[in-house]
Amino acid sequence: MDKISRLRGFRDIWKDELEKLRKIEEVARKYLNLLGFDELKVPILEKTELFVRSIGETTDIVQKEMFTFHDPSGDSVTLRPEATAGVVRAYIEASLFATQRITKLFTIGSMFRHERPQKGRFREFNQIDVEVFGSKGPLIDAELLWLISLILDELKVKNFEIEVNTVGCWECRKKFKEVFLSYIEKKLDHLCEDCKTRARRNPLRIFDCKKDECLFLTKDSPLLFENLCEECKIHFNKFLNYLIKFEVKVKHNERLVRGLDYYTKTVFEVKSSALGAQNAFIAGGRYDGLVKEMGGPDVPGIGFAIGLERLSLIVNTGNPKENLTVFIAFVDDKAREHLFRLVKQFVKSNIRVFYDPDSKSLKSQMRYAHALNADYAIIVGEEEIKNNIVSLRNMKTGEQKSYPNDLEYLIKDISYTK
RNA sequence: GUGGGUGUAGCUCAAUCGGAUAGAGCAUCAGGCUGUGGCCCUGAGGGCUGGGGGUUCGAAGCCCCUCACCCACCCCA
């Protein structure tokens, strides 16, 4: 029979990495809870239209990266490529705007994008997604970055940099696009191929280009930052001010823009040089028009997502503490009759217990106990049964003693050792 | 979607110019003690050399196709 392999870009997550992901989630949950966020789960599969409308029809995500297919009844459905759309949909569908002035939510789960895999990039990847609805002021923007720094501090993440910028509101961005386009028009021929398409689709992304030629051509270009309306300017300055009060260090990157259509005003990215090309592991921003666009009331929103696979690449967590582990070895099949009684008793006493489910030589069983890194081996054989005892071998010291076979004293003794 | 690199045992890697039965270490299993792990010793199992086609007397190595992985572009978390 041929073996079946996993799908490209999809992974099995084991042991150490899984432990790391759990640790990250645990720390994030702690601070999310302390700052009043509620967890929710939203579906992995949604109507395709939800993402087309929220993320933007012209974005790469929608145009070529979504897992979209028809369900058996013929409807077009899509595996979520990001979390915000679903959370916004849920917020509107539950009419939370009617009962809460401010809504703070987070969700944890996997997202799907049909991209070519590389370092820190998979087709199924996990995110912690955080969203706040109902506050238009810059204080909440700063609070989110403080939240991020609390989480990263506790995880002892070093070598990261928070970059912030503003992309303005719809009006000042629209105006700036005209200013910028008339500037870049003359230089269009000299831009790289990618930037030529950007000029048509999403001109602001030209600022993001890493190619020297494009960097050079836009060097003395007008910046969105200089063309902001009063309100956006004040918002951003207050935001920077609050960050100082929260003691969150950031870098203002005037060229930072985001690929999703819905962002307004504040945007930010957290980057690490240790990640290779996919160096942003947290990113987000404000999206004041999105809830309305999605059929809800005109409620402002802001949020961010943590890429868990990327974050786990730069997190070091110590080895998890192993439970006290006991291995029971049986010398012969007659001794095996005692298995059920002994195993039950250990489990009831919260002690991790192993035994060889197949009858093997004692030597083989002891090797297995060693491989399992057991703290103790219990040996049961003819001699023990005759004397109504069990032998307890300390696997770390090699010391071996006898205990009455009702295990009461034995369990008391070994429980002290871990 | 586009480039570059890499595919040999469960893992890490050998195999001269295209040459004979594709090897080693680790891991696994068994034995060395008829009731005792680690260290040591002995032995065993494990490969369609990613897959398919071609060239050749002969292919792990050359050619073509394909798949997967890694890295980068693009995009993004």
Side-chain angles (χ1 to χ4, degrees), chain A residues 2-3 5-11 24 55 58-66 80-84 108-130 148 192-195 197-198 201-202 205 208-211 257-260 263 268-272 275-285 303-314 327-332 335 356 358 360-385 391-400:
Chain A
D2 290 342
K3 67 177 171 190
S5 60
R6 57 188 195 272
L7 286 170
R8 176 172 222 193
F10 287 70
R11 302 179 318 132
I24 293 169
I55 298 168
T58 60
T59 57
D60 276 23
I61 293 180
V62 169
Q63 295 227 317
K64 47 192 190 194
E65 294 172 4
M66 297 204 302
R80 60 182 184 195
E82 56 105 47
T84 303
I108 303 179
S110 47
M111 310 297 150
F112 304 84
R113 287 183 205 172
H114 194 273
E115 298 182 274
R116 192 90 169 251
Q118 71 184 71
K119 189 181 172 96
R121 190 169 83 180
F122 307 100
R123 289 185 173 181
E124 180 185 19
F125 57 98
N126 288 277
Q127 287 190 340
I128 299 178
D129 181 76
V130 178
I148 288 170
C192 72
E193 285 309 307
D194 291 322
C195 280
T197 32
R198 284 181 185 127
R201 289 240 300 263
N202 191 352
R205 290 203 59 85
D208 241 5
C209 190
K210 294 162 203 150
K211 295 207 177 67
V257 289
R258 315 257 36 246
L260 281 61
Y263 286 111
F268 52 88
E269 275 183 11
V270 187
K271 298 176 177 177
S272 170
L275 284 174
Q278 311 300 318
N279 60 357
F281 62 97
I282 300 178
F304 67 86
I306 304 177
L308 289 177
E309 283 80 0
R310 289 184 189 177
L311 177 52
S312 86
L313 283 174
I314 52 174
F327 186 94
I328 313 178
F330 301 95
V331 176
D332 51 38
D356 197 322
D358 302 310
K360 290 284 175 84
S361 68
L362 184 59
K363 181 192 188 99
S364 169
Q365 292 178 71
M366 293 302 283
R367 276 183 179 163
Y368 185 29
H370 182 79
L372 289 167
N373 199 22
D375 299 287
Y376 294 97
I378 308 257
I379 297 154
V380 185
E382 204 179 338
E383 240 173 80
E384 283 82 4
I385 292 167
S391 297
L392 176 78
R393 184 179 181 84
N394 184 323
M395 295 295 282
K396 305 279 135 79
T397 65
E399 196 186 349
Q400 196 160 318

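Only a predicted model underlies this, so the values are computations on that prediction, with no experimental measurement involved. So you know, we letter chains A, B, ... as the sequences are listed, proteins then strands, and number each from 1.
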Anti or syn - B/G37, cut at 90° from 0
anti
Assign B/C41 to syn or anti; the rule is syn for a glycosidic angle within 90° of 0 and anti otherwise.
anti
Taking only nitrogen or oxygen atoms into account, show me every contact under 3.5 Å that the protein makes with nucleotides 67-73 of chain B, one pair per line with its distance.
residue	atom	partner	partner atom	Å
B/C69	OP2	A/Arg8	NE	2.7
B/C71	OP2	A/Lys119	N	2.7
B/A72	OP1	A/Ala277	N	3.0
B/A72	OP2	A/Gln118	NE2	3.2
B/A72	N7	A/Gln118	OE1	3.4
B/C73	N4	A/Arg121	NH2	3.2

Have a look at A/Phe125 and say if it touches a base, only the backbone sugar-phosphate, or nothing, with a 4.0 Å heavy-atom cut-off.
base
Answer whether the closest heavy-atom distance between the side chains of A/Cys209 and A/Asp194 falls below 4.5 Å.
no
Base, sugar-phosphate or nothing for A/Lys360? Non-hydrogen atoms, less than 4.0 Å.
sugar-phosphate
Could you say whether A/Ser391 or A/Glu309 is positioned toward the 5' end of RNA chain B, judged by the nucleotide with the nearest heavy atom to each?
A/Ser391
What distance, rounded to whole Å, do you find between the two C1' atoms, one in B/C62 and one in B/C17?
12 Å
Nearest-Å distance once atom P is located in both B/A24 and B/C67
36 Å
Rounded C1' spacing from B/G47 to B/A60 in Å
11 Å
For A/Ile282 versus A/Phe304, what's the shortest heavy-atom pair and its separation?
CG2-CD1, 3.7 Å
Does some side-chain heavy atom of A/Phe125 sit less than 4.5 Å from a side-chain heavy atom of A/Arg310?
no
Please pick, from B/G37, B/A77, B/G35, the nucleotide with the shortest atom-to-atom distance to any side-chain atom of A/Val331.
B/G35
Between which residue ranges does RNA chain B form stems of three or more consecutive Watson-Crick or G-U wobble pairs, both distances under 3.5 Å?
B:1-7 with B:67-73, B:10-13 with B:23-26, B:28-32 with B:40-44, B:50-54 with B:62-66
Is a donor-acceptor pair below 3.5 Å formed from side chain A/Gln365 to base B/U36, judging by atom type as modelled?
no
Distance test, side-chain N/O of A/Lys396 to OP1/OP2 of B/G37, below 4.0 Å:
no
Proximity to the side chain of A/Arg205 - top-ranked nucleotide from B/U36, B/A77, B/C76:
B/C76
If you go through the side-chain atoms of A/Glu384, does one of them form a donor-acceptor pair with the base of B/G35 closer than 3.5 Å?
yes
How many Å lie between CD on A/Glu383 and P on B/G35, as a whole number?
10 Å
Are A/Phe268 and A/Ile148 side-chain neighbours, meaning at least one heavy-atom pair lies under 4.5 Å?
yes
Counting neighbours of CD on A/Glu382 that are heavy atoms of other residues, nucleotides or ligands and sit closer than 6.0 Å, is the number greater than 12?
no
Side chain of A/Gln365, backbone of A/Lys360: donor and acceptor closer than 3.5 Å?
yes
Integer angstrom distance from the C1' of B/U49 to that of B/A44
23 Å
Using a cut-off of strictly less than 4.0 Å, decide whether A/Ser361 has a side-chain nitrogen or oxygen near OP1 or OP2 of B/G35.
no
For a quick test of reading the model, state the closest non-hydrogen atom pair linking A/Pro81 to A/Ile55 and the distance between them.
CG-CD1, 3.7 Å
Distance-only donor-acceptor test (3.5 Å): side chain A/Arg367, base B/G38
no
